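Here is the naming used below: chain letters follow the sequence lines, and residue numbers restart at 1 for every chain. Values in this document were obtained by computation on a predicted structure and should not be read as measured data.
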2 protein chains.
Amino acid sequence: MARNPQTVRSERTRVALRRAATELFASQGVEATSAEQIAEAAGVTVRTFYRHFPSKHDLLFADYDTGLQWFRKALAGRPAGEPVLESVRAAIFAFPYDVQALTQMAAFRAEELDPERIVGHLHQVEADLADAVTEHLERGADPDRRLDVLVTSRVIAAAVFGAMEVWMQRESRSMADLADVTQATLAALESGLGADGMFRHY
Amino acid sequence: MARNPQTVRSERTRVALRRAATELFASQGVEATSAEQIAEAAGVTVRTFYRHFPSKHDLLFADYDTGLQWFRKALAGRPAGEPVLESVRAAIFAFPYDVQALTQMAAFRAEELDPERIVGHLHQVEADLADAVTEHLERGADPDRRLDVLVTSRVIAAAVFGAMEVWMQRESRSMADLADVTQATLAALESGLGADGMFRHY
DNA sequence: CCAAGTTTTGTCAACAGTGACATAGCATGC
DNA sequence: GCATGCTATGTCACTGTTGACAAAACTTGG
């Protein structure tokens, strides 16, 4: 299946670097881990490391696509008639927080990262989340309501990430807190906008 | 007049660094000049260099305030009844392009600099230019037209920097070209919006 | 003028990132 | 199998940037 012949080796290296980085980030923190350590743990040179990843921090988000795929499948797996908000909530709360995700959260909490980097990444995640919801909603929805779908998706994504922002500005930022804030935000969305059935029509 | 006692030395160092950087940037280009060279030319250590300027590129814009002050004074020196656009044009074209400014331009032309840095700086310059025009217009204008003043200022600044953007995307980017584009842009602004007297009322 | 304290600078070491060039790994045509 | 050629990697050297600590310059109270 490997189209490119020598690229197999490249892929192996990339995986090794990802794994090494994930472990080191989790055990020592992001900033406390040097590029040299990652490279060495992956059995590779620093220069090679930088050939595969543009920067150290990109490795922190390396498994991001995996998580995104998971989320989309989780949405797809929800029962057909279920209100969107419930689907999203279920998917979010069932998300398997692995080492990668937890390390990211830890880095966020510790404010280790360059704010620009965080904001940029979260922006991307929010957009992807909205797309996932859109994709989910468009299954079995009539095309006339495409705008509704779009708006609904963005609103939900904005709410979820608004919750995260609130969480990030709190004094105590535990995972339980994040869950609470997210829960509350979605509830508010539901009660405030659910009356006219905006989210019930799907 | 030197309020802070030991700060005199600090100021001397800063000046030396600025001068050294300006010369080296002009003669070799920005990226071809290393922080070490600048520090050495200023008779100082690299570490000291970074204590006075957050990054090498900040030195490229070090004399920026001087230029801004010049522009404001040039505006203030224009005759009272003159249309704003004419005042701005006169001030822009009388601007004394010193080594600093020319080096900046050269760096822009050569696309040496990180685009983000350029955009960020230009954004600042545009805002400052607008403020300068506002300040100029507010002299002797009645307070009721404050919004007009604000809009006019922004429009002019946007036009001038729009011209610069056009210039930066051209094939040949000589100083003469920049002058031409700026001239043309201001002329368009004048003929297009001058009919209703928007710029003539001042 | 001297002692004490503050500010500035120097020294050292480390890390992030990049370019140039050499070399090893693998694949394909012969 | 072997020469040929491409790709991934290694090596080297360099620049930008920062933290920690020491040394020097300078100011001020006495």
Return the 5'-most residue of the pair A:Glu36, B:Thr48 with respect to DNA chain C, ranking by each residue's nearest nucleotide.
B:Thr48
In terms of the nearest nucleotide of DNA chain C, which residue is placed more toward the 5' end: A:Phe53 or A:Gln37?
A:Gln37
How close or far is atom C1' of C:dA16 from atom CG of A:Leu24, stated in whole angstroms?
16 Å
Any side-chain N or O of A:His52 below 4.0 angstrom from OP1/OP2 of D:dT9?
yes
Measure the distance from OH on A:Tyr50 to P on D:dT11 and round it to the nearest whole Å.
17 Å
Could you tell me how far apart B:Glu40 (CD) and C:dT9 (P) are, to the nearest whole angstrom?
17 Å
Separation of D:dA24 atom P from B:Arg47 atom CZ, nearest Å, is 19 Å
Between A:Thr13 and A:Phe49, is any pair of side-chain heavy atoms under 4.5 Å apart?
no
Please report, rounded to the nearest Å, how far the P atom of C:dT9 is from the CD atom of B:Glu11.
11 Å
Between B:His57 and B:Glu31, is any side-chain donor less than 3.5 angstrom from a side-chain acceptor?
yes
Need one value for B:Val44: base, sugar-phosphate or nothing, where a base atom within 4.0 Å counts as base even if backbone is also close, heavy atoms only.
sugar-phosphate
Nucleotide C:dT7, atom C1' - distance to CZ of B:Arg14 in whole Å:
12 Å
Kindly say if A:Thr13 contacts the phosphate of D:dA8, meaning a side-chain N or O under 4.0 Å from OP1 or OP2.
no
Check every atom of C:dT18, D:dA8, C:dT9 against the side chain of A:Arg9 and return the nucleotide holding the closest atom.
D:dA8
B:Thr134-B:Asp131 side chain donor-acceptor pair, cut-off 3.5 Å
no
Check the distance between C:dT18's P and A:Phe49's CZ and give it to me in whole angstrom.
11 Å
Could one point to a donor on the side chain of A:Arg51 or the base of C:dG17 with an acceptor on the other under 3.5 Å away?
no
Would you indicate which nucleotide in D:dG16, C:dC15, C:dT8 comes nearest to any side-chain atom of A:Ser34?
C:dC15
Quick one about A:Arg14 and A:Ser10 (side-chain donor to acceptor, distance below 3.5 Å, no hydrogens or angles considered), yes or no?
yes
Could you grab the distance from atom CZ of A:Phe25 to atom CG of A:Leu60, nearest 0.5 Å is fine?
6.0 Å
Nearest whole Å is fine: how far is C:dT7 P from B:Arg12 CZ?
18 Å
From the set D:dG19, D:dG16, C:dG10, return the single nucleotide nearest to any side-chain atom of B:Lys56.
D:dG16
